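Notes to accompany the following structure.
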Number of protein chains: 2
Amino acid sequence: MPFTYSIEATRNLATTERCIQDIRNAPVRNRSTQFQLAQQNMLAYTFGEVIPGFASAGINGMNYRDVIGRPVENAVTEGTHFFRDDFRVDSNAKAKVAGDIFEIVSSAVMWNCAARWNSLMVGEGWRSQPRYSRPTLSPSPRRQVAVLNLPRSFDWVSLLVPESQEVIEEFRAGLRKDGLGLPTSTPDLAVVVLPEEFQNDEMWREEIAGLTRPNQILLSGAYQRLQGRVQPGEISLAVAFKRSLRSDRLYQPLYEANVMQLLLEGKLGAPKVEFEVHTLAPEGTNAFVTYEAASLYGLAEGRSAVHRAIRELYVPPTAADLARRFFAFLNERMELVNG
Amino acid sequence: MPFTYSIEATRNLATTERCIQDIRNAPVRNRSTQFQLAQQNMLAYTFGEVIPGFASAGINGMNYRDVIGRPVENAVTEGTHFFRDDFRVDSNAKAKVAGDIFEIVSSAVMWNCAARWNSLMVGEGWRSQPRYSRPTLSPSPRRQVAVLNLPRSFDWVSLLVPESQEVIEEFRAGLRKDGLGLPTSTPDLAVVVLPEEFQNDEMWREEIAGLTRPNQILLSGAYQRLQGRVQPGEISLAVAFKRSLRSDRLYQPLYEANVMQLLLEGKLGAPKVEFEVHTLAPEGTNAFVTYEAASLYGLAEGRSAVHRAIRELYVPPTAADLARRFFAFLNERMELVNG
DNA sequence: CGGTCCACCGGTGGACGT
DNA sequence: ACGTCCACCGGTGGACCG
């Protein structure tokens, strides 16, 4: 499965494995979709043997926006090849798939970073290909992490150990008496401290070679292994991925960060909740200003150590930059965990 | 200008007044748009002599979703008439225009409600056509209101009197020292107490007959008259309009309501900030749950009188329902203003 | 008049439940 | 198989600025 479109590779695909599915004779009720962008097949096609940042220097250092755009590009090439002038997909289809791909590929990059990091933490040394500078934090198996790409409809509270969930539940019970609530949703990705019971599992130290369907399932299902096993202070990082920004599309992360900070810092005594937003097209500077907003919870309490709700709006230039930055983050943040 | 498409009316339009503008020979840079939905012309065409809720019984009681959909429907009819098979607009064009139309038409309905309300408040009695039940609050010129459809890029803080803006500025200055901020944006619409200097102006008591271009300008520019003249406690209602909902598109109002509550209630001593969301297609019940969220500011302070950030998610069945509900709101809320 | 910015939302691929 | 739900974002018309 090639990163660069290959007519030979495409020809060898079973129709169910193709990036474009012709559904003109099996339409979805109430939709006019003629061709589907089979997003999981697209990932397997373009990234089946490639994880950016852990591939060739050419890909690791390639403009990340172009890397992320490649699956749709390849799919359109395939669709045009098979269906010529009949082929058409709505811009909203590309938008949806491009967004999911940015999230899934970035999660995979961070998954491999975590694998490499964990391998160092258990005393296996620092892998050298491709080369990243070795973190300086003193290794400890207790400082391993898990990268969790969280699914649609998720509630990040379900990651927490039962005792912590109960604290939140009691708090909510009080609110419910007044017809109020404080629903939680989710960031796209969470980095958590690897619970003790998994610290000898090799799977958390294995870099994946590509986003084959089995590896997609491994990464997208990883969260299930950790539900109910994370301490409030062990949610080390939350990330929202937005391929491009619009001024009205900035607020789900901003709001969720505020809620996480109220519950984790305010009710559960956790240290600062690190929540960041990644994008490839910020479209102006307004978003950077919006994300300077102070965390409302800290403000209202009149605390001295008020901080931003969103720690940073990050625009990864290349996959290698994303990886380097994540290693640096781990090197700093994991010092909080007793080695 | 007919609510129902009329080939005769269309024929009499100058090309600059048409709902569809052919820009194939004058394309916008970096866009592939062939035909523009001229939204202001569309409003003038379909609502030039009609304000729903203040029109015929047929329109006032018509499904509001259909009312709001009419301008795009008429425009597509026009485009098909003039350009046959060449005519095409992207779904995102319809989406943008439909959203703005929902906002502008709903603002016009509420503008006329305010006019009728104000006329009662200055002692002119209760207009009877079309019939709405007479509010019971005792009339006072000081209880007049202004309905402000706020523009893109607006900052609601600019409505406040200078002294209040200064309080907020000082608060922000303190935050800036730590590299923090608390930027404000805006609801789509604000209902404010009419400042004393305007309480004899007739314009605030005049119902408009339709959304002709001059009337569009009157309504969209009204906010300029009140900037710097509103007391913190006089922002009576904030509204966000969202024609349809998606789970990720709920949060700008939710966040902005929280910020307004922190600043107006917390820093400026205003009573409860009423912020609501209107939609025509909630798509499930999830949004109702999301909007049960307690206001974070009140929560953190541990106050007794905690309330929701968003008071209600409202789905107007008809324009008459929207009008009735707004009259009822004014009847209740304006009691806070000394008569 | 051209370029930039703003905030609009509907069409989507996949997960899940019946 | 089918229906419902979820959260993805890019193409827009107009305001504003130089």
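Each chain gets a letter, A, B and so on, in the order the sequences are listed, and its residues count up from 1. What you see is a predicted model; the values in this text were computed from it and never measured.
Among the heavy atoms of the strands lying under 4.0 Å from B/R246 is at least one base atom, whether or not backbone atoms are also near. Across all strands shown, B/L245 has no heavy atoms under 4.0 Å from either base or sugar-phosphate atoms. Within the 4.0 angstrom heavy-atom criterion, base atoms lie near B/S247. Heavy atoms of B/R31 sit under 4.0 angstrom from at least one base atom. Using a 4.0 Å heavy-atom cutoff across all strands shown, A/E283 reaches no nucleic acid atom at all. Within the 4.0 angstrom heavy-atom criterion, only backbone atoms of the sugar-phosphate kind lie near A/Q40; the bases stay farther away.
The nearest heavy atom of DNA chain D to B/R249 and to B/Y223 marks one nucleotide each, and the one closer to the 5' end goes with B/R249. Ranked by how close their nearest DNA chain D nucleotide is to the 5' end, A/N30 and A/K242 are led by A/N30. Summary of the strand contacts: B/S244 and A/R152 both lie near DNA chain C, and taking for each the nucleotide with the nearest heavy atom, the more 5' one is attributed to B/S244.
Along DNA chain D, read 5' to 3', the first and last nucleotides having any atom under 4.0 Å from a heavy atom of chain A are D/dG3 to D/dG11.
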For B/H278 and B/E103, what are the C-alpha separation, side-chain angles and deciding distance, and is it a side-chain contact (heavy atoms from CB on, under 4.5 Å)? CA-CA 9 Å; B/H278 292 205; B/E103 173 179 342; over 6 Å; no

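A cation-pi arrangement, defined by a distance under 6.0 Å to the six-membered ring centre and an angle within 45 degrees of its axis, is absent between A/R88 and A/F35.
Closest heavy-atom contact between B/T318 and B/Y64: CA-CB, 3.8 Å.
Within residues 85-100 of chain B, the residues approaching DNA chain D are B/D90, B/N92, B/A93, B/K96, B/V97, by heavy-atom distance under 4.0 Å.
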Just distance, no hydrogens or angles: give the donor-acceptor pairs under 3.5 Å from side chains in residues 150-159 of chain B, sequence neighbours left out.
from   : atom 1 : to     : atom 2 : distance (Å)
B/R152 : NH1    : B/D100 : OD1    : 3.3
B/D155 : OD1    : B/V157 : N      : 3.0
B/D155 : OD1    : B/T184 : OG1    : 2.7
B/D155 : OD2    : B/T184 : OG1    : 3.4
B/W156 : NE1    : B/E256 : OE2    : 2.9
B/S158 : OG     : B/D155 : O      : 3.0
B/S158 : OG     : B/Q227 : NE2    : 2.8

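At least one side-chain heavy atom of A/V76 sits less than 4.5 Å from a side-chain heavy atom of A/F87. Considering only heavy atoms from C-beta on, B/L43 comes within 4.5 Å of B/V105 through its side chain. The closest side-chain heavy-atom distance from B/I310 to B/E292 is not below 4.5 Å. Counting only heavy atoms from C-beta outward, the side chains of A/T15 and A/D22 never approach each other to under 4.5 Å.
The aromatic rings of A/F102 and A/F241 sit perpendicular, their planes meeting at an angle over 60°, well past the 30° parallel limit.
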